[in-house]
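One structure below.
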2 protein chains.
Amino acid sequence: MEEQLSERGKRILEAVIEDYIATAEPVGSRTITRSHELALSPATVRNVMSDLEEMGLLASPHTSAGRIPTDKAYRLYVNSILEAKQNLTAGKRDEIRRRCRMAGKDPAEMLKEASRLLSTTSSYMGVVMAPRMAANVFHQMEFVKLSSHRILAILVSQNGTVQNRLLETEEEIPQEDLVRMANYLNGMLQGLTLAQVRERLLAEMQSEKVRYDSLMAKAIALSEQTIRTDSTEIFLEGQANILEQPEFADAAKMREIFRAFEKKSLLLDLLDRSMQAEGVQIFIGSESPLLKMEGMSLVTSTYLTGKDTVGVLGVIGPTRMGYGRVIPIVDYTAKLISRLLDTE
Amino acid sequence: MEEQLSERGKRILEAVIEDYIATAEPVGSRTITRSHELALSPATVRNVMSDLEEMGLLASPHTSAGRIPTDKAYRLYVNSILEAKQNLTAGKRDEIRRRCRMAGKDPAEMLKEASRLLSTTSSYMGVVMAPRMAANVFHQMEFVKLSSHRILAILVSQNGTVQNRLLETEEEIPQEDLVRMANYLNGMLQGLTLAQVRERLLAEMQSEKVRYDSLMAKAIALSEQTIRTDSTEIFLEGQANILEQPEFADAAKMREIFRAFEKKSLLLDLLDRSMQAEGVQIFIGSESPLLKMEGMSLVTSTYLTGKDTVGVLGVIGPTRMGYGRVIPIVDYTAKLISRLLDTE
DNA sequence: GTTTAGCACTCGAACTTTTTGAGTGCTAAA
DNA sequence: TTTAGCACTCAAAAAGTTCGAGTGCTAAAC
């Protein structure tokens, strides 16, 4: 089983994978000799395929069908066969650029558009995880009094992201006090990341100084409430594309997939994981920690602002996915988003 | 065909509809006599059903199958047969209340939760159209300077909704000017609805007074840009529930539905339409203007803040939907949301 | 004049059987 | 080592059966 893969073996494996990607049907020896001009007869190809099966790279659904690549084969394929093809046509590149630009400056809008874009250009599902709030840099905070006991807290980050939260207070706080509180906080928190802001606030809550200044104590408490939520948003677009894939034609399978993606927490785990490493990463079928993801693969890339990794985006599709086509799309989109998000 | 429907006819039609709702299978004369204790033989029921078919209330897929209610029958059913059953179990009511409360004060969060709730309690799709911004009442506006040429405009409505927009300016505007601009605008726009605000701003842009005060001109221009977007958000949840319905087991059909809902504009039209009238409304299958909605029905109700209708929410499911169960859910949820949204 | 039992008839769904053809593995010759 | 040849396999498609729920009609019963 551990015999090294010959050059010819590689060629044939590549052919099988590419045919399978194109047709979703088990590939036979015959088909290969016809479509890829290897100067070999079907019989020879059969022998090689038999070896590949031995090595755990191919599998046959039953004796008299063609063969299907295993997850291991896809892994090998993306790691060491698929290489030179990694560039995008100028047209696609333009389209991506144009549509990202069009989405405007608002970060959330832009990310959503990016997700939609990943989905349409790849014809699978696009997914974008918004930057963790915690990595944003604090810029300014405001308290707006809505009615006697309702205050709207607004937190602005340097990149233009806005977080807001409706707070209820027991006692009425006069408008001037709200302004003073905001000024105090803005002075204190200038330039910190929100993660640091959080720590700072918790520390302040303990400190002597604040204890005796009830206004400041209130200010700290209110802002702590505001910053508490760190729910990471995920934009998942193009779910309907998945319905197009023949391997999910079966209604039961489809249902399972949709259910799985309805719980975004699963997806979140997965994306969090791919944020560990920089650049393009590929999770193939069973490698993914999501059991439900059987038969699906994920191509991701991290994106950055400045030099900090802040988020991750990618494409989810069947294991039988056009990696050669998808990888550059993901890669390029991530780089573009990084550039656009960068606070100039 | 125009013969009036007898009492017995009604009873039998009701039986057919209810059986069909429960099973999604064509209903035969036999089945009915068994499950609903009408003191009639199958043969008699057959005669009546034949009459009903004549009247366009039932249809048979083929000679030797049972019968299926037509859209017209559903219409009759919800209008004049289904009546007394319109109350919710205490348990369900509690669940709805509890979950709405839990969602917190933020209007957007709450509406999203309401949609999810409609979907789980009905086991179809939940849909909520967020209030048209234009109906909100202006409360306050802020301009936050992010960097030399980037300004974040924040618009707060009285109900706590926040709208924000990143603006780029050609020339740098000093912070003090931004504050003065905001003060000026806040004075001018106090208490108007956003629709009125918009009109006012456009009017001001023409006025003499403003022409010669370049700062105020800028203020007006900036705020006009901010308010320009009136994209109504729609929360659609529980799409996976639709996959459960046997009538959509076919992959092609499913795809069509998902594609249709991906374009939210269609849905928007439909919901806009149901906002014309107050209270619960029901669109059955072909009655809906969405051609793609074939086989689907929509139960909606408007919700209000104070006494103004501001939005609409509802349930989308197959025409064969448990109206008796869904209507009170929609009704109650709408009322509850109205109450919770009310600015106390 | 309703209502119902009886019966022949219809027709899709489900199950079987047959046919077809792409694909395999093995053997022996090139 | 490669390949032609051939027997064999097996799922999928096509064709053929069976089954039964359901219908419509007629004539007897109420």
Side-chain angles (χ1 to χ4, degrees), chain A residues 3-13 15-17 19-20 22-70 246-247 249-251, chain B residues 3-13 15-17 19-20 22-70 246-247 249-251:
Chain A
E3 206 191 334
Q4 207 37 313
L5 193 55
S6 72
E7 191 50 40
R8 195 172 66 180
K10 265 189 192 173
R11 289 285 303 282
I12 288 176
L13 182 59
V16 173
I17 291 178
D19 269 26
Y20 186 65
T23 64
E25 297 288 328
V27 184
S29 51
R30 195 70 183 271
T31 331
I32 284 184
T33 55
R34 245 172 313 184
S35 52
H36 302 254
E37 71 306 295
L38 307 163
L40 293 173
S41 74
T44 314
V45 172
R46 269 206 296 282
N47 289 331
V48 178
M49 282 168 95
S50 178
D51 296 348
L52 292 171
E53 184 162 7
E54 198 84 333
M55 289 188 242
L57 293 168
L58 293 180
S60 32
H62 59 266
T63 348
S64 75
R67 287 182 168 94
I68 287 180
T70 62
E247 49 263 74
D250 168 37
Chain B
E3 205 191 336
Q4 205 40 310
L5 193 55
S6 70
E7 190 51 40
R8 196 173 63 180
K10 266 191 193 175
R11 290 287 301 282
I12 288 177
L13 182 59
V16 173
I17 291 178
D19 269 26
Y20 186 65
T23 64
E25 298 288 329
V27 184
S29 52
R30 195 72 183 268
T31 332
I32 284 183
T33 55
R34 246 172 313 184
S35 53
H36 303 251
E37 69 309 293
L38 308 162
L40 293 173
S41 75
T44 315
V45 172
R46 269 205 298 281
N47 289 330
V48 179
M49 281 167 95
S50 178
D51 296 347
L52 292 172
E53 185 162 4
E54 198 83 335
M55 289 187 239
L57 293 169
L58 294 180
S60 32
H62 58 266
T63 350
S64 75
R67 287 183 168 94
I68 287 181
T70 62
E247 48 262 74
D250 168 36

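Note on naming: letters A, B, ... go to the chains in the order of the sequence lines (proteins, then strands), and numbering restarts at 1 for each one. No experiment lies behind these values; they were computed from the predicted model shown.
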Nearest-neighbour nucleotide for the A:T44 side chain, C:dT3, D:dT2, D:dG22 considered: D:dT2
Protein-to-nucleotide contact annotation, 5' to 3' order, nucleotides 23-30 of chain D [B base; S sugar-phosphate only; - none; under 4.0 Å, heavy atom]: BB------
Over all atoms of both residues, closest heavy-atom pair of A:S35 and A:D19: OG-OD2, 3.4 Å
Closest non-hydrogen atom pair between B:A15 and B:I32, with its separation: CB-CG2, 4.1 Å
Any A:S41 side-chain N or O less than 4.0 Å from OP1/OP2 of D:dG5: no
Length of the line joining A:R34:CZ and C:dG23:C1', which is rounded to integer Å: 11 Å
B:M49 versus B:G28, closest heavy-atom pair with distance: CE-C, 4.4 Å
A:L40 CG - D:dA4 P separation (whole Å): 11 Å
Shortest non-hydrogen contact between B:S60 and B:G66, atoms and distance: CB-O, 3.6 Å
Length of the CG-C1' vector between A:L58 and C:dG23, whole Å: 14 Å
Atom-pair distance (CD on A:E25; P on D:dA13), nearest Å: 9 Å
Over all atoms of both residues, closest heavy-atom pair of A:Y20 and A:V27: N-CG2, 3.7 Å
Distance in Å, A:I12 CD1 paired with A:R67 CZ, rounded so as to fall on 0.5 Å steps: 11.0 Å
Atom of A:G9, atom of A:V48 and distance for their closest heavy-atom approach: CA-CG1, 4.1 Å
Pairing pattern in dot-bracket form [Watson-Crick, G-U; both distances under 3.5 Å; | = partner strand] for DNA chain C: ||||||||||||||||||||||||||||||
Heavy-atom check, side chain of A:P42 versus side chain of A:V45, under 4.5 Å: no
Touch class at under 4.0 angstrom, heavy-atom based, for A:S60 against every strand present: nothing
